[in-house]
Amino acid sequence: MRNLEKLNNIFCEVFSVESDALNSEFNNTTVEGWDSVHQLSLTSAIEDEFDIMLDAEDILDITSYDNAKTILAKYDIEL
């Protein structure tokens, strides 16, 4: 499975959405129910799936689908 598919699966599972919902508009202000619990689940799943340890700033910055992709690139995860 490609890394982008893995990331998409994480978002779909955490937010109970279909992959076609994932776009540049998918963020913490447009997604109903994106709260601290979802944020924690999202960052934990990303760390587990990609075997990385996000720093605190990156955890706080994963506020959108696009930001997650950008942050993974910082950890040399090719999408």
Side-chain angles (χ1 to χ4, degrees):
M1 183 180 305
R2 294 179 39 231
N3 288 333
L4 183 58
E5 292 175 66
K6 292 177 183 179
L7 181 64
N8 289 351
N9 287 341
I10 291 168
F11 269 86
C12 290
E13 184 174 312
V14 169
F15 295 104
S16 300
V17 297
E18 297 295 323
S19 61
D20 61 351
L22 303 176
N23 58 42
S24 61
E25 303 292 315
F26 197 92
N27 62 60
N28 65 344
T29 59
T30 61
V31 175
E32 188 173 330
W34 188 318
D35 56 16
S36 59
V37 173
H38 284 94
Q39 184 80 17
L40 180 61
S41 296
L42 178 63
T43 55
S44 177
I46 288 172
E47 287 180 328
D48 290 347
E49 182 65 42
F50 295 102
D51 195 28
I52 57 174
M53 180 67 75
L54 298 168
D55 66 35
E57 183 178 324
D58 290 335
I59 290 171
L60 295 174
D61 286 344
I62 298 182
T63 56
S64 72
Y65 177 65
D66 285 347
N67 283 3
K69 292 191 290 186
T70 300
I71 288 167
L72 284 176
K74 286 176 47 180
Y75 292 84
D76 296 323
I77 307 292
E78 291 185 27
L79 299 177

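Note that the coordinates shown come from a computational prediction; the quantities given were computed from them, not determined experimentally.
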| message | Among V37, T43, D35, which residue satisfies the side-chain contact (heavy atoms from CB on, under 4.5 Å) criterion with Q39? | response |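 When V37, T43, D35 are each tested with Q39, the side-chain contact (heavy atoms from CB on, under 4.5 Å) holds only for T43.
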When rounded to the nearest 0.5 angstrom, what is the spacing between [atom1] in [X] and [atom2] in [Y]?
X   : Y   : atom1 : atom2 : result
E49 : D51 : CD    : CG    : 10.0 Å
D66 : E25 : CG    : CD    : 9.0 Å
L7  : Y65 : CG    : OH    : 5.5 Å
D58 : M53 : CG    : CE    : 12.5 Å
S64 : N23 : OG    : CG    : 10.5 Å

| Mutual orientation of the aromatic rings belonging to F11 and F26 [parallel < 30°, tilted 30-60°, perpendicular > 60°] | perpendicular
| message | Let me check something: do L22 and L79 share a hydrophobic cluster, defined by ILVMFWY side-chain heavy atoms less than 4.5 Å apart, either directly or through other members? | response |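 Linked, L22 and L79 end up in one cluster.
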| query | Do you reckon L4 sits in the same ILVMFWY cluster as I10, going by side-chain contacts under 4.5 Å, direct or chained? | reply |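 They do share one cluster, since a chain of ILVMFWY contacts under 4.5 Å joins L4 to I10.
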| request: With side chain to side chain contact (heavy atoms under 4.5 Å, CB included) as the test, would you mind laying out the steps for N9 and M1 before giving the verdict? | output: CA-CA 10 Å; N9 287 341; M1 183 180 305; 3.2 Å; yes
Indicate yes or no: at least one non-hydrogen side-chain atom of [X] is less than 4.5 angstrom from one of [Y].
X   : Y   : result
Y75 : D55 : yes
L72 : N3  : no
V31 : H38 : no

| message | If I compare all heavy atoms of W34 with all of L42, which pair ends up nearest, and what's the gap? | response | CZ2-CD2, 3.9 Å
| request: Could you tell me which non-hydrogen atom of A68 sits nearest to which non-hydrogen atom of I62, and how far apart they are? | output: CB-CG2, 3.9 Å
Keeping the roles fixed (side chain from [X], backbone from [Y]), state whether a donor-acceptor pair exists under 3.5 Å.
X   : Y   : value
E47 : L54 : yes
N67 : D61 : yes
T30 : N27 : yes

| said: For residues 8-24, which residue pairs pass the salt bridge (Lys or Arg N to Asp or Glu O under 4.0 Å) check, not counting sequence neighbours? | reply: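 Sorted result for residues 8-24: empty, none.
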